[in-house]
Amino acid sequence: MNAALSPADRALCRELCCGVVRWQSALDWLVARKTGGRTQRADLLNLLRLGLYQLFWLDRVPDHAAVHETVELAKRLGFGSQAGFVNALLRGYTREADETHRALDVLKQTDPHTGWSHPDWLVARWQARLGVADTARLLEWNNTPPPTYARLNTIKTAAAGTLLDRWREEGVEYDFGRWDWIGENSVFRLKSHPSLATLGSFRDGGFYVQDPSTLLAVHLLDVQPSQTVLDLCAAPGGKTMLIAAQMQNQGRIVAVDVDAVRLKLVQENCARLGVTCVETVAVENFDAPPASFDRILIDAPCSNTGVMRRRVDLRWRIRAEEIARLVKTQLALLKKAAPLLKPGGSLVYSTCSLEMEENGALVRSFLAEHPNLALEAERELVPFKDGVDGAYVVRLRAS
Ligand code: SAM
């Protein structure tokens with residue numbers, strides 16, 4: 001994105017990019033019904049998607065402006081001879097707006113993967129488990145732009161009031177939120193704000209941006225200031241930062257990750273948020289004797305199917321066979337971590353996946369081979385029921 005864009009234009013640019021990726025299948029369906037399904041050049045198709053997205057998903061751009069801009073863009077990009085085709089297709093749709101909206105609504109019922117723009121195998125998988133109605137709620141959730149949430153960093157700012165006063169000066173508008181796994185006045189929904197990087201309250205580490213769902217794992221980990229904690233899949237450190245705050249920046253947190261670049265982000269976050277009790281370790285250098293840790297968090301790499309509203313392109317990258325591969329990694333991580341837990345200690349395993357294979361089913365098969373561990377607490381956050389990103393968290397206790 002062009003750094004010279006005004007905040008409003010930057011927001012529109014973001015909306016257009018994310019919207020076109022989110023609604024790609026439905027947009028392509030609109031193109032196909034006017035072109036007899038003829039294959040379009042990729043860049044021309046993108047222009048048509050951009051124009052159609054503005055016509056049928058955006059209210060704030062008048063139709064004539066959307067058509068005009070798209071046609072001009074076609075000319076500027078060297079599609080001179082095709083500009084007439086772009087104009088005719090878009091203008092044709094402006095004359096059929098009501099019936100097209102109705103057709104798009106019907107498509108969600110008759111062909112949900114196209115109507116809600118998701119891969120068909122994923123829709124079939126969810127329908128088999130959740131049923132048709134709840135799957136539609138999930139698909140709708142995934143296509144809804146997510147809010148930004150900010151967690152108060154108590155290491156830098158003890159009282160929420162201090163941060164809120166600062167936000168008022170900085171032009172940050174927010175709402176209070178309440179979630180049963182999060183203390184009162186510690187996570188806020190940002191309604192509008194200048195670019196975060198320009199805010200002193202952000203640069204000074206007054207808050208960390210994360211969805212409320214991500215805090216459930218730390219809540220169940222239930223750390224104490226003097227403990228030794230292993231965060232085995234730590235980067236970029238969202239949960240590490242909250243663990244540190246809950247330990248009042250005392251004790252010891254070993255933050256491990258396989259990705260050196262992402263591990264640097266943990267260090268940067270520690271520096272910004274004033275966290276000093278964290279030691280970052282690349283996985284190849286990580287070594288610890290058995291029974292070293294009071295608490296272990298495995299925030300495992302997963303299919304991310306619970307966070308699709310935030311990762312708009314994920315649906316087009318995810319593959320069914322990837323889930324089986326991830327399950328192997330997740331099991332290996334559990335097996336690696338289990339011996340490192342002190343007797344009486346707790347291990348929390350979490351994902352942001354909605355898939356049973358990566359969650360409850362995996363944990364149960366793991367527990368069948370580890371009788372020294374007992375399931376103590378388990379919770380799943382389902383986006384369209386709980387109103388936050390999807391998450392699975394389980395706490396195991398070592399005897
Ligand atoms: N806990 C992080 C947070 O709250 O910001 C998010 C962790 S993300 C879900 C999963 C992380 O696991 C990724 O950073 C990835 O690099 C890391 N990872 C993948 N395989 C790993 C392995 N075998 N050992 C350690 N880390 C691994």
Side-chain angles (χ1 to χ4, degrees), residues 14 17-29 42 45-46 49 53 57 107-108 111-132 134-146 210-211 213-214 216-217 233 235-236 238-239 257-259 261-262 298-334 349-363 365 380-386 388-394:
R14 188 184 167 77
C17 293
C18 291
V20 164
V21 175
R22 264 192 202 105
W23 289 100
Q24 187 175 301
S25 290
L27 290 161
D28 290 356
W29 179 81
L45 180 59
N46 277 334
R49 288 169 175 165
Y53 179 72
W57 278 269
L107 191 66
K108 288 174 183 160
D111 188 359
H113 73 268
T114 309
W116 288 111
S117 190
H118 277 66
D120 51 357
W121 67 268
L122 196 54
V123 173
R125 167 184 257 270
W126 286 340
Q127 283 183 336
R129 197 172 101 238
L130 304 170
V132 170
D134 276 353
T135 298
R137 293 169 74 195
L138 179 57
L139 298 172
E140 180 172 18
W141 173 276
N142 290 348
N143 283 4
T144 307
Q210 59 197 147
D211 190 87
S213 62
T214 64
L216 179 62
C233 301
K239 296 184 183 68
D257 204 280
V258 76
D259 185 327
V261 175
R262 283 166 63 83
I298 306 175
D299 188 31
C302 71
S303 61
N304 296 305
T305 51
V307 293
M308 282 189 149
R309 65 173 180 164
R310 294 191 187 277
R311 303 194 174 195
V312 290
D313 61 330
L314 172 66
R315 69 190 68 179
W316 307 124
R317 290 188 286 109
I318 186 173
R319 298 278 171 268
E321 48 290 2
E322 176 80 348
I323 293 175
R325 192 190 64 75
L326 283 161
V327 166
K328 282 193 187 144
T329 305
Q330 292 155 349
L331 257 181
L333 286 163
L334 274 164
Y349 169 86
S350 62
T351 73
C352 55
S353 164
L354 301 176
E355 314 312 309
M356 283 188 319
E357 299 95 314
E358 301 178 75
N359 297 340
L362 171 124
V363 167
S365 81
E380 187 182 23
L381 296 174
V382 179
F384 57 86
K385 290 183 186 158
D386 294 291
V388 292
D389 285 345
Y392 170 81
V393 182
V394 65

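Just so it is clear, the values below take in all heavy atoms, side chains as well, and ignore hydrogens, waters and symmetry mates.
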Visitor: Under the side chain to side chain contact (heavy atoms under 4.5 Å, CB included) rule, collect the residues that match up with N46, sequence neighbours excluded.
Guide: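 With neighbours one apart ignored, the set is R49.
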
Visitor: Tell me whether N304 contacts the main-chain N or O of V307 through its side chain, where contact means a donor paired with an acceptor under 3.5 Å.
Guide: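 Not confirmed, N304 side chain does not pair with V307 backbone.
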
Visitor: Quick one: does Q127's side chain have a donor or acceptor within less than 3.5 Å of a partner on V132's backbone?
Guide: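 No: the side chain of Q127 does not pair with the backbone of V132.
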
Visitor: Looking at S350 and Y392, would you say the former's side chain and the latter's main chain have a donor-acceptor pair under 3.5 Å?
Guide: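 Side chain of S350 to backbone of Y392: no pair is present.
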
Visitor: Below 4.0 angstrom, N of the basic side chain to O of the carboxylate: do R125 and E357 qualify?
Guide: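 Salt bridge: yes.
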
Visitor: Minimum heavy-atom separation for W29 to T114, with atom names?
Guide: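 Closest heavy-atom pair between W29 and T114: CB-CG2, 3.8 Å.
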
Visitor: Who pairs with D257 by side-chain hydrogen bond (donor to acceptor under 3.5 Å, both in side chains), at least two apart in sequence or on another chain?
Guide: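 Per chain and number, D257 pairs via side-chain hydrogen bond (donor to acceptor under 3.5 Å, both in side chains) with no residue.
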
Visitor: Start with the C-alpha distance between R309 and E140, add both sets of side-chain angles, then the distance that settles salt bridge (charged side-chain N to carboxylate O under 4.0 Å, His left out), and finish with yes or no.
Guide: CA-CA 9 Å; R309 65 173 180 164; E140 180 172 18; over 6 Å; no

Visitor: Can a donor-acceptor pair be found between the side chains of W126 and E355 at a distance below 3.5 Å?
Guide: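 Side chains of W126 and E355: pair found under 3.5 Å.
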
Visitor: At what distance, to the nearest 0.5 angstrom, does CD of Q330 lie from CG of L362?
Guide: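 Reported to 0.5 Å precision, the distance equals 5.5 Å.
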
Visitor: Using modelled atom types and a 3.5 Å cut-off, is there a donor and acceptor pairing between side-chain atoms of E358 and backbone atoms of S303?
Guide: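 Here the side-chain-to-backbone pair exists.
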
Visitor: Once side-chain hydrogen bond (donor to acceptor under 3.5 Å, both in side chains) is applied, do any residues pair with R310, and if so which ones, sequence neighbours excluded?
Guide: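 Expected list: D211, D389.
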
Visitor: The criterion is side-chain hydrogen bond (donor to acceptor under 3.5 Å, both in side chains); which residues satisfy it with Y349, sequence neighbours excluded?
Guide: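 Per chain and number, Y349 pairs via side-chain hydrogen bond (donor to acceptor under 3.5 Å, both in side chains) with no residue.
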
Visitor: Please name the pair of heavy atoms, one in W316 and one in V21, separated by the smallest distance, quoted to 0.1 Å.
Guide: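 Minimum heavy-atom separation between W316 and V21: NE1-O, 2.9 Å.
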
Visitor: At what distance, to the nearest 0.5 angstrom, does CG of L334 lie from CD1 of I298?
Guide: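 Here the interatomic distance stands at 4.0 Å.
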
Visitor: What is the distance from atom CG of L45 to atom CG of L27, rounded to the nearest 0.5 Å?
Guide: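 Output value for this atom pair is 9.0 Å.
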
Visitor: Roughly how far, to the nearest 0.5 Å, is the CE atom of M356 from the CD atom of E380?
Guide: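 The CD atom of E380 sits 9.5 Å away from the CE atom of M356.
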
Visitor: Are the side chain of T135 and the backbone N or O of G131 linked by a donor-acceptor pair below 3.5 Å?
Guide: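 Judged by distance alone, yes, a pair lies under 3.5 Å.
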
Visitor: Check L354 against R129 and note the closest heavy-atom contact, atom names and distance.
Guide: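 In terms of heavy atoms, the two residues are closest at O-NH2, 2.7 Å.
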
Visitor: Without swapping roles, check the side chain of S213 against the backbone of G390 for a donor-acceptor pair under 3.5 Å.
Guide: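 No; judged by distance alone, with no hydrogens or angles, the pair does not exist.
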
Visitor: Got L333 and K328 here, is their nearest side-chain heavy-atom distance under 4.5 Å?
Guide: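 In short, these two side chains do not touch, never coming nearer than 4.5 Å.
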
Visitor: Using the test side-chain hydrogen bond (donor to acceptor under 3.5 Å, both in side chains), find all partners of R315 that sit at least two apart in sequence or belong to another chain.
Guide: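 Here the qualifying residues are N143.
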
Visitor: Using side chain to side chain contact (heavy atoms under 4.5 Å, CB included) as the criterion, list what pairs up with D386, not counting sequence neighbours.
Guide: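 For D386 the side chain to side chain contact (heavy atoms under 4.5 Å, CB included) partners, ignoring immediate neighbours, are L381, V382, V388.
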
Visitor: Give the C-alpha distance, both sets of side-chain angles, the deciding distance and a yes or no for side-chain contact (heavy atoms from CB on, under 4.5 Å) between N142 and V312.
Guide: CA-CA 8 Å; N142 290 348; V312 290; over 6 Å; no

Visitor: In Å, rounded to the nearest 0.5 Å, how long is the span from CG of D299 to SG of C352?
Guide: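 That separation rounds to 7.0 Å.
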
Visitor: For side-chain contact (heavy atoms from CB on, under 4.5 Å), just list the numbers for D111 and H113, CA-CA rounded to whole Å, side-chain angles, deciding distance to a tenth of an Å, and then say yes or no.
Guide: CA-CA 6 Å; D111 188 359; H113 73 268; 3.1 Å; yes

Visitor: Between F384 and T144, is there a side-chain heavy-atom distance shorter than 4.5 Å?
Guide: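 They are not in contact (no side-chain heavy atoms under 4.5 Å apart), so the answer is no.
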
Visitor: Is a side-chain donor or acceptor of S25 paired with a backbone partner of S117 at a separation under 3.5 angstrom?
Guide: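 Side chain of S25 to backbone of S117, a donor-acceptor pair under 3.5 Å: no, none is there.
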
Visitor: To check you understand the geometry: which heavy-atom pair defines the closest contact between R22 and P146, and what is its length?
Guide: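 Smallest heavy-atom distance, with atoms named: NH2-CD, 3.7 Å.
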
Visitor: Using side-chain heavy atoms (C-beta onward) and a distance below 4.5 Å, is P301 in contact with C233?
Guide: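 P301 vs C233: side chains touch.
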
Visitor: Specify the closest pair of heavy atoms between A217 and V393, including all atoms of both residues, with the distance to one decimal.
Guide: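 Smallest interatomic distance, heavy atoms only, reads CA-CG1, 3.7 Å.
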
Visitor: I need the C18 SG to D313 CG distance, nearest 0.5 Å.
Guide: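 Here the rounded value is 9.0 Å.
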
